[in-house]
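Just so it is clear, the values below take in all heavy atoms, side chains as well, and ignore hydrogens, waters and symmetry mates. Residue numbers start from 1 in every chain, and the chains themselves are labelled A, B, ... in the order their sequence lines are given, proteins ahead of strands.
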Amino acid sequence: MSTAFEQPAKVSEVVVRDPIDNTRARWINRARSADHKVIGLTLIGFSLVNVMLAGFAELLCQIQLAVSDNTFLSPERFYSLHTLSDTGYLYLFALPLFAGIATYVLPLQIGARSSAFPRLSALGTWMIILGGGFLWFSTFVNTWQGTAQTSAPLFELFYSPGSGADFFLTSLVMIGGGLTFNAIDLAVTYKTLRAEGMSGDRTPVFAYSASVYAYGILATAPVLVAACIMALLERQYTAFGIFNPVDGGSPLLWKTLFQWWSHSAPYLITVVAIGAVSEIFASAAGRSISNPAALKKAIRAFAILGILSFGVVYFGAPVKPFWNLIFMVIGLALVIPAAVILQSWMATIKGGDYHSTAPSAFAVAFAAFFTVAIVFHVAFSLPALSQWIYGSQAGYAAWLNQVWGTAAFGGFAALLYWYPKMTGKSLAAAKARVALGMLVAGTALQLFAMFSLGVDGFARELSTYTSSSYEFRNILSLIGVVIGAFGLIGLAINFMQSNSSGATAGNDPWRAGTLEWFVPSPPPVNNFDAIPAVGSETPLTDLREQIAAGTGGLAGSVAQSPTAGRPSLRESKH
Amino acid sequence: MQIPAPTNRFSTRRSSLFVAAAAAALFVLPQTASATPLWPDSPNSPIAQIVLDLFLVVFIVGLITVIGYTLALLGAGRAEVDADAPATAESSAKGAVIAGSVLFLVFVVIGGFAYTKTVSAEESLANTGNFKVTTFSQPGLKVAHVVKAPKGPAYSIRVNAQQFLWRYDYSGIKNAKWNTYSYNDLVIPAGVTVLLDFTSSDAEAAWWVPQLGGSITAMPGYDNKVWLRADKAGLYTGSGTVVNGTNYASMITNVTVVDPRLFVRWLGGKQIEIDQAMAALAAERASGEEQQLISGQKGAPSEAASEAAQTQAADQAGKNK
């Protein structure tokens, strides 16, 4: 097989050839960097800034809802902030967080010296960041009437004059395009740059789930880009008539295109979280993941069924009942891979010597909220029930659970787990547990209050209401947001403090089995000077056993000096 | 003699915390339970009954799964490891696949059965009087699905969403006059099957009355045909579920369910009210007072007259598009 990607060696040379120049400003070095680790950390940092902003927007919306007939925010301001908090959580927090972690960890886990297309990934990252800026800016020029997610012709010029909607749609184009570029890099890296001996069945579960996420993004994000470009064109030239029924377009088409992406994205971030949490449980239990082959199949099935079940948004819309039944079957089928995933976690913990760590505590919280998400998924997949509950506040609680819950518990679990690798420092574990307690309490309280509101007939995304019987639960929900916010701020402070004054972590603080723990923390620019031979899905465990048995350690590994000719790693693929 | 194991400081603290939390819960829960219902309240239509049944099934299975799995996961983490035990944990995923498949099949059967019941209209319980249904088609709208009219009498009502009103058009009822309509309040007879045709003249909207069933999408350019039968008289309130613009929250959906005989009388009365309002409007126009009315120099017009004015404005807006 020749040579499409002749390159772990070459790419790392690219990285090394363009080294950090300390005479330049730090942000210029960051912007110019083609190092997947710098790119990943940029995305992660960006996501952490945005979760604060999105959380603040949500807090304002919750204050507006705390009492009936409140005039704290005008409806225009409310929907603008509501849109920003929703899109902020998904597009600017959850997706960049998981994309950043995957970009950082995936090449290290598969023993690559760089990612395949680091400059493409960097382009994607900066597109996401610029798009995020557009998104936040759109609120200052916003004269539009509602959330883009739900409103077929509402973004038309007739309803939303001014440039707010243009900025909003443009930002979605840039974020969708950025995620696509990043996903191309991840998918190709996974496919082509694996270390010698790492066949498909030996890849780490997180790397596998990151590649599934990447393929999922490639299948969905370009559709978002296309739909938003169509909408932008239609705003400029009414003759297009794509979505606007007045000009002969179909609002159902917008719903289809947009939901193909928007319904899938939460499932894709869940997939990355599942991969990370599996690794975390395994390392906390001091063993390898139970039944990784079945787990990988389940992760793939979860992503595919998650994307295909987008049709649940048609329940109640004018479509043929036959299609609703098809989407019901597809949606319900998701419980099978979910059961396999849950069983694998349980078996991993049961079959090992489990010691709770800060990341694994987050992972357990993720497992609980993930189970809740599956239950909601089942409820949404049953057409009659879905029609009732999807549009209620309980439906919004389910969305928050899947996006915020996945990112805050699964994503932060992953961040805590790889924090020692990224910074070289240990995170203060006790403080992280306190933050986790607050996040769990706040999120659970908020979601419970929203759920109760929903079953009591409170519709989603109301900007105000008249009945005072809803006040108590809306205040509970506000309290939940505040508690969660304190947990989030505590965690952020912990990240910064530990980075500056934490204990040195060493290469392998968790004694885990995958390759990223072989390299120093933080890893050097070229990741690996020598790559251990991969003979199983836990090469580092093998290495420890070999050293303990005195049979070699690095004897079988591919050792190189920067000047020596490097053996081609490409030939070992598959 | 067995020496009792020293009590772990943390476990003492943890258990005292647990006791405190339980006591607080016992104190708070009865007071909040009535304020935080966990399932839908008093369904009043066959569809809402199906929704409640499905809800309870998913809720109970889900609650057991979530709590059971979380506790089991925490318990598995705390359990002592038997180092000599064979690696039974490596067992294949067969058990999970079988459990998942059983759940899948059960839910497919339950969900499929429930859904087929919600898309085929049931017969009326009550006598509708002399009114007969005429199904009407709305020109230019796409229809994906036609509700089969039930045996026996039924009414057909057209529902139109616009920013930010619901307009209910009763002219599908044969004996009613062509322009009998109401805004925001849908009036239907109890126990009589009603066929509803939803559409929207501007943005996508959704119509939801929790006690009468799930939300129904009103999409511009489409005719969404559904059925409804409210079994008990009363006033039912609801709202939209899809943001259709800034005043979405004000777009309430009230349904007044009345005795069938009262409904007939209401239709006649509404017709007279509208006729009178139209006549008054025509007279005002003729005397040139309309401009003064609009500029607020005269007293506020009657409700019916303002409704009529709104219709005209809406019709005008429709024509302009």
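At distances below 3.5 Å, at least one donor-acceptor pair connects side-chain atoms of B/T217 with backbone N or O atoms of A/G316. A distance-only check finds a donor-acceptor pair linking the side chain of A/Q387 to the backbone of B/S215 [under 3.5 Å]. A distance-only check finds a donor-acceptor pair linking the side chain of B/Y69 to the backbone of A/L342 [under 3.5 Å].
Between the CD atom in A/E76 and the CG atom in B/N247 there is a gap of 7.0 Å [rounded to 0.5 Å]. Going from atom CG of A/L462 over to atom CD1 of B/I252 covers 11.5 Å, rounded to the nearest 0.5 Å. From B/Y115, atom OH reaches atom CG of A/N324 across 3.5 Å, with rounding to the nearest 0.5 Å.
No part of A/S356 comes within reach of chain B, as not one of its non-hydrogen atoms sits under 4.5 angstrom from that chain. Proximity to chain A is limited to the side chain of B/L74, based on heavy atoms less than 4.5 angstrom apart. Contact annotation for A/L382: only side-chain heavy atoms (C-beta onward) come within less than 4.5 Å of a heavy atom of chain B. The contact between A/V329 and chain B is made by backbone and side chain atoms together, counting heavy-atom distances below 4.5 Å. Contact of A/R460 with chain B is made through backbone and side chain together, with heavy-atom distances under 4.5 Å. With a 4.5 Å cut-off on non-hydrogen atoms, B/T118 touches chain A through its side chain but not through its backbone. With a 4.5 Å cut-off on non-hydrogen atoms, A/F458 touches chain B through its backbone but not through its side chain. Heavy atoms of B/A206 lying under 4.5 Å from chain A are absent altogether. Proximity to chain B is limited to the side chain of A/I389, based on heavy atoms less than 4.5 angstrom apart. There is no contact between A/S469 and chain B, counting heavy-atom distances below 4.5 Å. Contact annotation for A/M346: both backbone and side-chain heavy atoms come within less than 4.5 Å of a heavy atom of chain B.
There is no side-chain donor-acceptor pair under 3.5 Å between B/S239 and A/Y465.
The choice from B/V209, B/V97, B/I216, B/V66 that makes the most heavy-atom pairs within less than 4.5 Å of chain A is B/V66. Contact count against chain B (heavy-atom pairs under 4.5 Å) is highest for A/P321 among A/P321, A/P245, A/P75. For the options A/A384, A/G454, A/A294, heavy-atom pairs under 4.5 Å to chain B are most numerous at A/A384. Among A/Y314, A/Y396, A/F448, A/F78, the residue with the largest count of heavy-atom pairs under 4.5 Å with chain B is A/F448. When B/W208, B/Y222, B/F59, B/W207 are compared by the number of non-hydrogen pairs under 4.5 Å with chain A, B/W208 comes out ahead. Looking only at heavy-atom pairs under 4.5 Å with chain A, the residue among B/A205, B/G214, B/G112 that has the most is B/G214. When the candidates A/I336, A/V375, A/D456, A/T371 are compared by the number of heavy-atom contacts under 4.5 Å with chain B, A/I336 comes out ahead. Residue with the most contacts toward chain B among A/A379, A/A394, A/A333: A/A333 (heavy-atom pairs, distance under 4.5 Å). Chain A forms the most heavy-atom pairs under 4.5 Å with one residue out of B/I50, B/V51, B/I67, and that residue is B/V51. In terms of non-hydrogen atom pairs under 4.5 Å with chain B, the most contact-rich of A/S452, A/G331, A/G395 is A/S452. In terms of heavy-atom pairs under 4.5 angstrom with chain A, the leader among B/A72, B/A48, B/A218 is B/A72. Contacts with chain A were tallied for B/I110, B/L54, B/V61, B/T70; B/L54 has the most, counting heavy-atom pairs under 4.5 Å.
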Margin query: With side chain to side chain contact (heavy atoms under 4.5 Å, CB included) as the criterion, how do A/L154 and B/Q163 come out once you've worked through the C-alpha distance, each side chain's angles and the decisive distance to 0.1 Å?
Written below: CA-CA 11 Å; A/L154 273 190; B/Q163 285 181 336; 3.5 Å; yes

Next item on the list: Apply side chain to side chain contact (heavy atoms under 4.5 Å, CB included) to the pair B/L73 and A/I349, showing each step before the final yes or no.
Entry: CA-CA 8 Å; B/L73 205 60; A/I349 290 186; 3.8 Å; yes

Margin query: With side chain to side chain contact (heavy atoms under 4.5 Å, CB included) as the criterion, how do A/Y79 and B/V243 come out once you've worked through the C-alpha distance, each side chain's angles and the decisive distance to 0.1 Å?
Written below: CA-CA 9 Å; A/Y79 286 119; B/V243 181; 3.9 Å; yes

Next item on the list: Output, in order, the C-alpha distance, side-chain angles, deciding distance and verdict of side chain to side chain contact (heavy atoms under 4.5 Å, CB included) for B/D202 and A/Y159.
Entry: CA-CA 9 Å; B/D202 38 44; A/Y159 300 101; 2.8 Å; yes

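For the pair A/P318 and B/A144, the tightest heavy-atom approach, listed with the atom from each and the gap, is O-CB, 3.4 Å. Scanning all heavy atoms of the two residues, the minimum distance from B/A93 to A/Q343 falls at CA-OE1, 4.1 Å.
Between B/F104 and A/V335, the closest side-chain pair of non-hydrogen atoms falls below 4.5 Å.
Classified by interplanar angle (parallel below 30°, tilted 30° to 60°, perpendicular above 60°), the ring pair A/W388/B/F55 is perpendicular.
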